[in-house]
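Have a look at the structure below before the remarks.
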Amino acid sequence: MTNSYFFDDIIDRRNTNCVKWDYVPRAGGVSATDETLPMWVADMDFQAPAVVIDRMRASVDHGIFGYTALPNHTWDAVASWTERRYAWPVKTEWMSYTAGVITGLNIAVQTFTRPGEKIIIQPPVYPPFHNSVLKNGRRLLYNELVQDEDGTFRFDVEQLRSLIDSETRMLVLCNPHNPVGRSWNRDELESIADVALEHDLLVFSDEIHADLLLHEARHIPFASLGPEVARRTITGIAPSKTFNIAGLKASVIITPNKQLRDAFDAAQARTFGLYDANIFAIVGMHAAYSEGEQWLETLLQYLQDNRDTALSFFADVLPQVRVPSPDATFLFWVDFSATGYTHDNVARLLREDAHVVLNDGRSFGPGGENHFRLNFGCPRSVLTSGLERIADAFNRVPANEGARR
């Protein structure tokens with residue numbers, strides 16, 4: 001059996017067609033080298049749980065990879081998971097399979113809105129949210145998050161209300177939020193629900209990071225706020241971030257409203273030609289949700305220790321870099337505004353001097369200037385190496401002509 005609890009083990013992901021390690025994008029004309037340390041794409045550098053690997057290996061040993069269908073016991077495992085982990089009882093008939101939460105979002109946009117209608121997102125936010133609206137010919141409205149003096153991000157509910165008109169149809173919620181790491185509390189979510197009810201908005205709630213809660217955080221599914229909220233909510237969850245199996249393309253869309261669910265399913269099957277999952281998605285998802293909980297609890301402690309290690313490092317070595325403490329996800333939203341460098345110079349410093357690749361904050365929309373997203377879902381030695389590279393680069397750069405404004 002594969003040992004899944006050695007999170008300190010370094011597993012070489014190069015030359016495995018890995019997006020994070022093998023397809024690092026060029027930045028400013030600079031390509032990745034063997035020195036480059038990728039800390040960008042939101043997957044972790046840990047092996048999946050042993051039970052997932054073992055169940056998939058058994059499928060490989062069986063040797064037949066024909067058409068597959070999701071069995072009832074997999075839906076039962078998902079329902080048991082949501083009730084156990086989120087205190088949210090859901091019915092299996094509310095569930096639909098999709099190849100990804102963003103796949104589900106695109107289907108929802110095309111099914112429930114018309115070209116030219118308006119959809120609200122809350123930046124800085126996961127870049128595919130933007131594309132799901134714009135590339136489908138809808139109009140994008142930004143309800144930008146507000147950051148308080150202590151670094152905490154919150155919703156701007158009054159601004160949200162001011163955006164809505166007769167052509168506004170949908171709000172896309174990120175709960176927990178990527179990249180700022182907020183696990184929204186009940187009062188915050190209810191403030192959004194009040195607006196959705198008041199203006200008859202459909203809400204697509206991306207809850208893919210729901211299991212990655214740090215310290216005392218608790219996940220509250222948006223649809224769990226009440227029957228009227230559930231009636232207008234489509235929720236996307238997945239084992240992909242939780243168990244580091246994003247490549248299996250296994251996600252679940254939960255839609256209590258039968259009219260919405262039937263329309264979604266019909267669009268997915270007839271319009272998009274998307275049907276059941278492949279055999280590894282089925283096996284992996286079932287194993288993760290039914291037998292992966294102990295592995296997850298160990299992972300969460302490791303991620304929390306990684307978070308605290310990094311926060312202490314920034315406070316002691318790079319205090320001019322502002323890093324709010326996330327209460328969910330394995331992502332930091334790093335603010336370089338107080339360093340005295342322009343956004344472009346920070347990007348150049350990270351790539352050329354530190355040889356570290358982070359996600360450029362501009363791709364997350366308004367609020368992304370001078371910010372970069374750092375993935376701490378990696379062995380602690382890798383995290384420490386990346387942080388030291390960044391600190392060393394900032395300490396060296398003042399001697400480089402033209403680096404500052």
Side-chain angles (χ1 to χ4, degrees), residues 8 10-15 18-46 124 127 151 178-181 303 305-326 329-364 368-405:
D8 281 326
I10 297 176
I11 300 170
D12 189 358
R13 300 183 66 186
R14 291 184 175 91
N15 302 313
C18 169
V19 171
K20 184 177 183 180
W21 286 84
D22 292 333
Y23 295 94
V24 177
R26 295 174 64 89
V30 179
S31 297
T33 69
D34 289 343
E35 294 181 78
T36 301
L37 180 57
M39 304 180 80
W40 62 303
V41 174
D43 65 22
M44 298 181 287
D45 291 325
F46 308 128
N178 170 12
V180 307
L303 290 177
D305 291 344
N306 268 8
R307 179 199 64 180
D308 295 344
T309 295
L311 290 174
S312 294
F313 182 93
F314 279 113
D316 294 341
V317 181
L318 283 173
Q320 70 272 37
V321 176
R322 189 182 197 191
V323 188
S325 177
T329 81
F330 46 81
L331 306 166
F332 285 126
W333 186 235
V334 185
D335 182 359
F336 291 90
S337 301
T339 64
Y341 298 96
T342 66
H343 184 104
D344 288 339
N345 281 332
V346 171
R348 189 177 303 112
L349 180 149
L350 291 171
R351 177 62 70 105
E352 298 181 20
D353 291 82
H355 300 288
V356 171
V357 178
L358 310 185
N359 285 99
D360 191 308
R362 287 174 176 167
S363 67
F364 294 80
E369 187 74 17
N370 296 317
H371 288 75
F372 291 79
R373 191 185 72 174
L374 187 153
N375 179 346
F376 60 88
C378 57
R380 194 154 303 129
S381 62
V382 175
L383 174 63
T384 301
S385 175
L387 296 175
E388 289 174 349
R389 290 184 186 201
I390 294 170
D392 289 346
F394 270 91
N395 290 334
R396 289 196 310 269
V397 162
N400 297 342
E401 289 291 331
R404 290 188 177 273
R405 290 191 183 96

Give a yes or no on whether a salt bridge exists between Arg362 and Asp344, defined as a side-chain N under 4.0 angstrom from a carboxylate O.
yes
Could you grab the distance from atom CG of Leu37 to atom CG of Leu350, nearest 0.5 Å is fine?
11.5 Å
Between Asn370 and Tyr341, is there a side-chain heavy-atom distance shorter than 4.5 Å?
no
Does a side chain donor of either Trp21 or Asp45 reach within less than 3.5 Å of an acceptor in the other side chain?
yes
Donor-acceptor pair, side chain of Asn306 and main chain of Phe376, under 3.5 angstrom
yes
Would Phe394 and Phe336 count as a close aromatic pair, with their ring centres under 6.0 Å?
yes
For residues Phe372 and His343, establish whether the separation of their ring centroids is below 6.0 Å.
yes
Do Arg373 side-chain atoms and Trp40 backbone N/O form a donor-acceptor pair below 3.5 Å?
yes
Give, for atom OG of Ser385 and atom CE of Met39, the distance between the pair rounded to the nearest 0.5 Å.
8.0 Å
My understanding is that only residues two or more places apart in sequence, or in another chain, count here; which of them pass side chain to side chain donor-acceptor pair (under 3.5 Å) with Glu388?
none
dist Arg14:CZ -> Thr36:OG1 (nearest 0.5 Å) comes out at 8.0 Å
Heavy-atom side-chain proximity of Asn178 to Phe364 below 4.5 angstrom:
yes
Heavy atoms only: give me the nearest Asp8-Pro379 pair and the separation to one decimal.
O-CB, 3.6 Å
If I take atom SG from residue Cys378 and atom CD1 from residue Ile11, how far apart are they, to the nearest 0.5 angstrom?
12.0 Å
Measure across Pro38 and Lys20 and return the closest heavy-atom pair with its distance rounded to 0.1 Å.
CB-O, 3.1 Å
Give a yes or no on whether the backbone of Thr309 and the side-chain of Ser312 come within a donor-acceptor separation of less than 3.5 Å.
no
Point-to-point distance, once rounded to the nearest 0.5 Å, from CD1 of Ile390 to CG of Leu358
5.0 Å
Using modelled atom types only, decide if a donor and an acceptor are shared between the side chain of Asn375 and the backbone of Met44 within a distance under 3.5 Å.
no
CZ/Arg307 to CG/Asp305 distance, rounded to the nearest 0.5 angstrom?
9.0 Å
Please tell me if the side chains of Ile10 and Ser381 come closer than 4.5 Å, counting only heavy atoms from C-beta onward.
yes
Distance alone, cut at 3.5 Å: any donor-acceptor contact between the side chains of Thr342 and Asn345?
yes
One pair to check against side chain to side chain contact (heavy atoms under 4.5 Å, CB included): Leu331 and Leu374. What are the steps and the verdict?
CA-CA 6 Å; Leu331 306 166; Leu374 187 153; over 6 Å; no
Quick one: sort the His371 and Trp333 rings into parallel, tilted or perpendicular, breaks at 30° and 60°.
parallel
Could you pull out all residues at least two apart from Asp335 that satisfy side chain to side chain donor-acceptor pair (under 3.5 Å)?
Ser337
